[in-house]
Amino acid sequence: MSSWDWLCQFGTNHRGDSFDGAGFSYLKGICDAWDDPRVRRVFFRACSRVGKTEINLGLHVYSQCHDPDVGLIATPTERLLQKTIKHRLWPMLSFNPATGKSLPGRHLQAATKCRTDRFVTHGAWSHSPTTLGDLDPKYLHLLEVSKFSTDNSDEANAVDLVLQRGSEIPDRKVFAESTPTLAGSCEISRLVEQATNRSLFVPCPRCGEYSALTVNESHEKLAGGLWWDRKRDGSSSPGLAYRTARYICPHCSSEWGDRERLAQVRRGVWVAPGESIDRSGALTGTPINAGPDESFNLNRMYAPTFTFADYAREHAAKVGTEREQDFRNSWQGVPHTPIQARTTWSKLAAKLCTGKWDRGAVPKQCVFLTCAVDVQLDHFVCTTFGWDSQKTGYLVEFGTVNDWLDVREWLQRSYRHEDGGPDIRAMMTTIDAKDGNRKDEVIDNCRVMNSCRGPFVWPSMGQNPKTFTGSFFQRTNIDASNNIGQSARGRTVEGLNLIRVGTRLSQEWLDNCLFRRAAGEANSLLFPDWARESQSLFDQLINECFDVKSGLWKHIDSTTPVDFRDAVRYARVAAEAYVGGDWAMNVRPRRVPQSSQASPSQKTPDGVEGLAAFADRVSKRRSLGKRFIRRTVNCL
């Protein structure tokens, strides 16, 4: 039996449900490539939730059932490996009528190896040489290869190390799949683009011409692809995109929707660059990268569990924001390339510097302040930003100081608020500790300046954007010996954490503020007019861009620093850390006293309820509750 027919008849998922061949019809071409004796390796680059893992493990079960031999399943981490083998592979084998009777008891089913009376499948994870030693698998299956660890530059590429296993076996089969990540450093993209690089072409229900399902990101409706109505100013809104999404045929310009979509997907044909397809579905030509490797690409427009409307709404909500990578990777199934716009310092200054507040004054919209300090060899670069409830940052002060006493004076400074209320000071500060030679010095000074009930002064470190992509920050414990995270074995310091900065998200946020968003709109930056003449500030802001080859942000001019750029990013990360990432719940308007004679207890330094204020409020409530109980008992 072919692998496709076998999966449709016997295949199950880890829950025991039968394999859905009708819903995942696009996977048949991948199974045909697996069955082809001329094909050695199969690579699948796709968005999430389209059956990547299910077809990967399903083909492994099929192969071990028909021709048992040594197998290997490799994942980025040990935890994912255990989840894959224990909670997916073993259940798939047990529910399958062709393999269920040959399995050992559940108490003998290991979490990192699958051994039956007919075959053995080993498990391995990236940068774990011991799990790869002396293994020559005939069936090699890699999951999420783009997430394989690349932290240790002294070791060879982790994906290439795994792919070398069993290469001397003439009929070895390899299946590697992954959701893509960043352009330039995405492993699955490298493998897919070196092979046939096929896309699924589907016929138009009106004219019968074949084309790949794509989203139309131009302003020309007749260009074809997924289209939705725009607002009068040309911008998209998620709700309008969801209500008006439809597909435009690039050949006949006819419109069709989800009623026809799945039927057309079932008639789809995998087409490689160099091949062409006619109305009958017949292929002509030869793939440009013809050879022993086959590769495939897929986005969520083909999936049975999503609709054109879902896809359009996500595009409208995420493209052009810090969440764009999520759409590109998880929905479109392509690597994400951050924007690479260039401008001059004077044009950027003219765009951002439209504020009218004085130096050292806080605009009326701001409800709290944060500071960021970038540590250099002989000086410190400091910034102070105000933030409103829409995540907009307002530059209040910036400059350089010479020593730690100056830093302390900067952080303890109070600023006049233009709403007429009490003066305000920064409630969260991050100080860069990425220089390993000064880490202990930074943490020690943070410990001196920090208050466990606020204002908070915490050290920070940027993280590798290849491995830390999900959020603006993570909080990590620090012990009394300045050990961090998992190395912190002693008693942790109360009220003091290290902030791990999400480099990718903070860099993309800043680039969006500089090149895409208007100054002062939600999630943007607004600078005062008095900062317009500071060429050094704006030269540093535009002196970094994303490098596609390395997947990292690099300096454009090596003679110009990026200290202020880092300080601006860290100030935003400090704001995220202070509100706990939840702006809607934790950011509230400042309470301005009606009279200038208001008591100190009525004056609040910021609009965010800190840990200290929360503790005081809870204490008062408990006290009032005890009084009420005592009075009630006395009355009774």
Side-chain angles (χ1 to χ4, degrees), residues 345 349 352-353 355 357-362 366 368-387 393-417 423-451 454-462 482 496 498-499 501 506 510 525 527-528 530-541 543-544 559-575 577-578 605-606:
W345 76 268
L352 295 183
C353 298
W357 60 92
D358 296 332
R359 185 162 195 159
V362 180
C366 297
F368 70 101
L369 301 182
T370 63
C371 287
V373 180
D374 191 68
V375 181
Q376 300 302 311
L377 183 63
D378 57 352
H379 67 279
F380 301 83
V381 177
C382 303
T383 60
T384 301
F385 275 86
W387 302 93
Y394 301 80
L395 179 62
V396 175
E397 183 64 285
F398 71 97
T400 60
V401 297
N402 297 321
D403 52 39
W404 284 108
L405 290 177
D406 293 337
V407 170
R408 185 167 187 173
E409 182 179 347
W410 184 291
L411 302 186
Q412 292 178 344
R413 176 180 173 182
S414 294
Y415 298 87
R416 177 180 61 83
H417 204 296
D423 290 351
I424 184 173
R425 61 176 296 191
M427 295 300 290
M428 171 65 77
T429 297
T430 55
I431 302 181
D432 182 23
K434 65 184 177 183
D435 187 344
N437 296 323
R438 303 190 70 177
K439 185 198 77 170
D440 290 337
E441 174 190 346
V442 171
I443 296 177
D444 288 340
N445 279 279
C446 286
R447 184 180 288 112
V448 171
M449 293 183 285
N450 181 67
S451 170
F456 303 100
V457 181
W458 289 355
S460 62
M461 288 185 179
N482 293 346
L496 182 67
L498 179 129
I499 297 295
V501 176
S506 61
L510 183 52
L525 286 173
F527 286 11
W530 52 261
R532 186 185 296 265
E533 302 303 322
S534 179
Q535 179 177 350
S536 176
L537 169 63
F538 296 102
D539 277 341
Q540 294 188 35
L541 287 176
N543 194 40
E544 250 183 338
T559 63
T560 301
V562 291
D563 306 339
F564 279 117
R565 181 182 173 97
D566 288 340
V568 172
R569 290 194 298 113
Y570 290 174
R572 170 62 192 271
V573 172
Y578 187 56
D606 58 88

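Note that the structure is a prediction, hence the values are computed from the model and not measured. For the single chain, residues carry numbers from 1 onward in sequence order.
Evaluation of the side-chain contact (heavy atoms from CB on, under 4.5 Å) rule for D403 yields L405, D406 as partners, not counting sequence neighbours. Every residue meeting the ring pair (Phe, Tyr, Trp, His ring centres under 6.0 Å) condition with F564, not counting sequence neighbours, appears here in chain and number order: F398.
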Would you please test Q376 and D563 for side-chain hydrogen bond (donor to acceptor under 3.5 Å, both in side chains) and show each step? CA-CA 8 Å; Q376 300 302 311; D563 306 339; 3.2 Å; yes

CA sep, side-chain torsions, deciding dist, call: L369, V396, side chain to side chain contact (heavy atoms under 4.5 Å, CB included): CA-CA 9 Å; L369 301 182; V396 175; 4.2 Å; yes

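With values rounded to the nearest 0.5 angstrom, M427 atom CE is found 10.5 Å from F368 atom CZ. Here the CD1 atom belonging to I443 is positioned 6.0 Å from the CG atom belonging to L498, to the nearest 0.5 angstrom. Taken from CH2 in W410 to OG1 in T400, the straight-line distance is 8.0 Å, to the nearest 0.5 Å. Annotation: the span from L352 atom CG to L395 atom CG amounts to 10.0 Å, rounded to 0.5 Å. Note: R413 CZ to I424 CD1 = 13.0 Å, rounded to the nearest 0.5 Å. Rounding to the nearest 0.5 Å gives a distance of 9.5 Å between OG1 of T429 and CG of N450.
Of all heavy-atom pairs between Q540 and P561, the closest is CG-O, 3.2 Å. Residue C353 comes nearest to F538 through the heavy atom pair SG-CZ, 3.4 Å, listed as atom of the first residue, atom of the second, then distance. Residues C446 and V457 approach most closely at CB-O, 3.5 Å, considering heavy atoms. L541 and F527 get closest at one heavy-atom pair: CD1-CE2, 3.9 Å. Closest heavy-atom contact between P459 and V442: CB-CG1, 4.2 Å. Here the closest heavy-atom approach between residue V362 and residue Y415 is recorded as CG2-CB, 3.6 Å.
Taking the side chain as every heavy atom from C-beta outward, F385 and R572 never approach each other to under 4.5 Å. Counting heavy atoms from C-beta outward, N445 and V407 have side chains that stay 4.5 Å or more apart. Side-chain contact between Y570 and V501 is present, with at least one heavy-atom pair separated by less than 4.5 Å. Q412 is not listed as a side-chain neighbour of M449, based on a closest heavy-atom distance of 4.5 Å or more. Two residues are said to be in side-chain contact when any heavy atoms from C-beta on lie closer than 4.5 Å; V573 and S506 meet this criterion. A heavy-atom distance below 4.5 Å is found between the side chains of V448 and R408. Taking 4.5 Å as the limit, some side-chain heavy atom of V375 sits within range of a side-chain heavy atom of R438. Between R359 and P528, the closest side-chain pair of non-hydrogen atoms is not below 4.5 Å.
Under the 3.5 Å distance criterion, the side-chain polar atoms of T430 are left unmatched by any main-chain donor or acceptor of S460. Side chain of W530 to main chain of W357: a donor-acceptor pair is present (N/O by atom type, distance under 3.5 Å, no hydrogens or angles). N543 places no side-chain N or O within donor-acceptor distance of the main-chain N or O of D539, the cut-off being under 3.5 Å. Using modelled atom types, no side-chain atom of T370 and backbone atom of A574 make a donor-acceptor pair closer than 3.5 Å.
W387 and Y578 have their aromatic ring centers separated by at least 6.0 angstrom.
A salt bridge is defined here as a Lys NZ or Arg NE, NH1 or NH2 lying under 4.0 Å from an Asp or Glu carboxylate O, and D374 with R565 fails to meet this definition. Using a 4.0 Å cut-off between charged side-chain N and carboxylate O, D566 and K434 make a salt bridge.
For the residue pair R447/N482, the side-chain donor-acceptor check at 3.5 Å is satisfied.
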